[in-house]
There are 2 protein chains.
Amino acid sequence: MIIKNLPHKTVERLSQYRRALLMTLSKEKTHVFSHEIAQMLHITPVQVRRDLMLIGYSGNLRKGYDIKELIELIGKIIDSDKGQRVAVVGLGNLGKAIISYFKGKRSKLSIIAAFDINPDKINRVYDGVPCYHIDQMTDIIKQNNISIGIISVPSTEAPEIAETLVLSGIKGLLNFTPKPLNVPPYVYLEEYDMITSLEKVAFFAKKNDERFK
Amino acid sequence: MIIKNLPHKTVERLSQYRRALLMTLSKEKTHVFSHEIAQMLHITPVQVRRDLMLIGYSGNLRKGYDIKELIELIGKIIDSDKGQRVAVVGLGNLGKAIISYFKGKRSKLSIIAAFDINPDKINRVYDGVPCYHIDQMTDIIKQNNISIGIISVPSTEAPEIAETLVLSGIKGLLNFTPKPLNVPPYVYLEEYDMITSLEKVAFFAKKNDERFK
DNA sequence: TTCACATTGCTAAATTTTTCACAATTAAAA
DNA sequence: TTTTAATTGTGAAAAATTTAGCAATGTGAA
């Protein structure tokens with residue numbers, strides 16, 4: 001299902017709604033109100049309703065939204081029906097953390113390969129994900145039709161890795177190194193830097209603290 | 001230095017500007033143009049100039065911005081002059097990754113303690129950060145005036161950990177678990193979920209792919 | 001010294017995102 | 001059956017964020 005021009009932020013929240021709903025799933029509770037979802041995610045109920053409106057989902061006026069239906073619909077919108085395969089490049093602490101976070105998280109995304117240069121790691125399997133040498137990256141990506149790459153190598157290596165991934169035909173990249181990358185426009189790039197998050201927390205914690213003093 | 005009502009997004013970008021500038025720092029290059037910063041971070045030059053305007057920094061009309069001066073000014077705005085101390089709770093792969101990311105990243109933020117329940121980890125030092133048992137958390141946080149907590153425990157534990165941290169007097173929290181938390185308004189909470197990032201990449205990669213097909 | 005021109009700084013406009021406000025609706029209670 | 005009360009859905013307003021457009025300026029070249 002394709003809905004044209006879904007706002008960036010809405011896409012992000014849809015993923016969060018689904019995650020939160022999957023966590024609250026139970027036999028007794030089949031429906032959820034907008035204000036319940038809102039409370040879980042620290043946003044407003046209107047925003048939830050607006051997002052659901054954008055994806056054309058209607059709730060029941062007195063019972064709220066059908067949890068199972070909603071989860072399914074979000075899947076139809078944000079997941080690719082064929083599924084998408086993911087590779088993690090760099091199997092250090094972060095790479096391993098990502099893989100174990102992912103374990104058991106159903107979803108149409110599956111991490112099916114990891115790459116590293118450390119011989120101790122190569123040809124071993126981590127949480128169900130086999131690790132290969134980086135030299136094999138292009139081949140394995142092409143063979144397995146992997147379309148998404150997660151970069152968790154040391155930042156000095158990041159640009160070269162990114163280039164190789166792009167040449168291997170990757171369609172989306174998630175860069176966890178602090179090194180800003182450059183990719184062609186047909187590759188979607190998302191960068192996340194922990195330091196920035198932490199500095200943001202530090203800044204607003206400080207500000208908050210002054211305000212509540 | 002305090003500038004009232006600095007936009008949320010600007011704070012985030014200031015941190016990124018600093019990081020990017022620290023990476024380009026060299027003897028030969030003392031100045032940088034707005035379009036150079038912009039290119040590194042995939043944003044527009046106008047946006048860079050606007051942000052710098054908000055913090056009251058003036059560049060040189062033909063040479064651009066003085067890199068050293070700018071780094072220093074950003075520090076004056078987003079850092080706390082006394083510095084802020086940080087604790088990592090949960091020393092699994094993610095906790096270790098965070099600590100090692102942080103190593104050597106100067107800055108007024110310092111990770112000075114880690115907490116876990118695994119006896120093998122307790123009383124050991126990881127990348128310069130000592131690990132204590134979670135039972136000691138409140139004491140150590142108070143003694144060392146730690147104001148920021150990073151939560152990297154399994155998501156089931158997160159709410160309890162958050163509560164303890166809040167009671168210990170923490171001012172800001174960075175939650176890496178997919179479990180949404182609740183904290184009082186005087187605590188700044190930032191949540192980051194890798195799965196959401198990855199799903200976003202997947203969604204826009206798919207969309208991009210259709211567009212460029 | 002004068003000129004050319006790339007860049008900054010900034011106002012105003014545009015766009016995106018969030019919130020308000022309230023009519024419509026319907027499940028459950030009376 | 002009627003009433004009540006809580007919730008949805010949404011147009012319109014507000015707020016936040018980004019971008020356009022351009023005058024002003026200062027550097028280096030002529």
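Quick note: numbers below take in every heavy atom, side chains included, and nothing from hydrogens, waters or symmetry partners. Below, chains carry the letters A, B, ... as their sequence lines are ordered, and counting in each starts from 1.
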Original post:
Over how many whole Å does the gap from R62(B) atom CZ to dC3(C) atom C1' extend?
Top reply: 12 Å
Original post:
Where do I43(A) and V48(A) land on the side chain to side chain contact (heavy atoms under 4.5 Å, CB included) test, with the steps shown first?
Top reply: CA-CA 8 Å; I43(A) 58 178; V48(A) 174; 3.8 Å; yes
Original post:
Under a 4.0 Å N-O cut-off, is there an ion pair linking K29(A) with E36(A)?
Top reply: yes
**OP:** Specify the separation, in whole Å, of atom CZ of F33(B) and atom P of dA6(C).
**Re:** 11 Å
Subject >> Covered region of DNA chain D, 5' end to 3' end, by chain B [heavy atoms, under 4.0 Å] >> reply: dT17(D) to dT27(D)
Original post:
In whole angstroms, how far is the C1' atom of dA24(C) from the CE atom of M53(A)?
Top reply: 15 Å
Subject >> Check: R49(A) main-chain N/O paired with S34(A) side-chain donor or acceptor under 3.5 Å >> reply: no
**OP:** Scan S58(B) against the nucleic acid and name what it touches under 4.0 Å (heavy atoms): base, sugar-phosphate only, or nothing.
**Re:** sugar-phosphate
Original post:
Considering the options I146(A), I170(A), V89(A), which one meets the side-chain contact (heavy atoms from CB on, under 4.5 Å) requirement together with M137(A)?
Top reply: V89(A)
**OP:** Indicate the ring-plane relationship of Y57(B) and Y65(B), choosing parallel, tilted or perpendicular according to the 30° and 60° boundaries.
**Re:** tilted
**OP:** Specify the separation, in whole Å, of atom NE2 of H35(B) and atom C1' of dA6(C).
**Re:** 9 Å
Original post:
Would one find more than 12 heavy atoms of other residues, nucleotides or ligands at under 6.0 Å from atom CG of L167(A)?
Top reply: yes
Subject >> Nucleic acid contacts - residues 45-52 of chain A versus DNA chain D, non-hydrogen atoms under 4.0 Å >> reply: V46(A), R49(A), R50(A)
Original post:
Is the CD atom of Q39(A) crowded by more than 12 outside heavy atoms at less than 6.0 Å?
Top reply: no
**OP:** Decide yes or no on ring-ring contact (aromatic ring centres under 6.0 Å, His included) for Y192(B) and Y192(A), but give the supporting numbers first.
**Re:** CA-CA 10 Å; Y192(B) 178 74; Y192(A) 177 74; 3.5 Å; yes
Original post:
Got a donor-acceptor contact below 3.5 angstrom from the R85(A) side chain to the I148(A) backbone?
Top reply: no
Original post:
Contact class for S34(A) vs. all strands (heavy atom < 4.0 Å): base, sugar-phosphate, or nothing?
Top reply: sugar-phosphate
Subject >> Interatomic distance, L14(A) CG vs dT17(C) P [rounded to whole Å] >> reply: 13 Å
Subject >> P7(A) vs L61(A), nearer the 5' end of DNA chain C by closest nucleotide >> reply: P7(A)
Original post:
When you look at L109(B) and E199(A), which way does the side chain to side chain contact (heavy atoms under 4.5 Å, CB included) test go after all the steps?
Top reply: CA-CA 8 Å; L109(B) 295 173; E199(A) 289 187 339; 3.8 Å; yes
Subject >> Side-chain N or O of N60(A) closer than 4.0 Å to phosphate OP1/OP2 of dA27(C) >> reply: yes
**OP:** Tell me which residues in residues 180-197 of chain B put a heavy atom below 4.0 Å from DNA chain D, sorted by number, or none.
**Re:** none
Original post:
Between D79(B) and R18(B), is the closest basic N to carboxylate O distance under 4.0 Å?
Top reply: yes
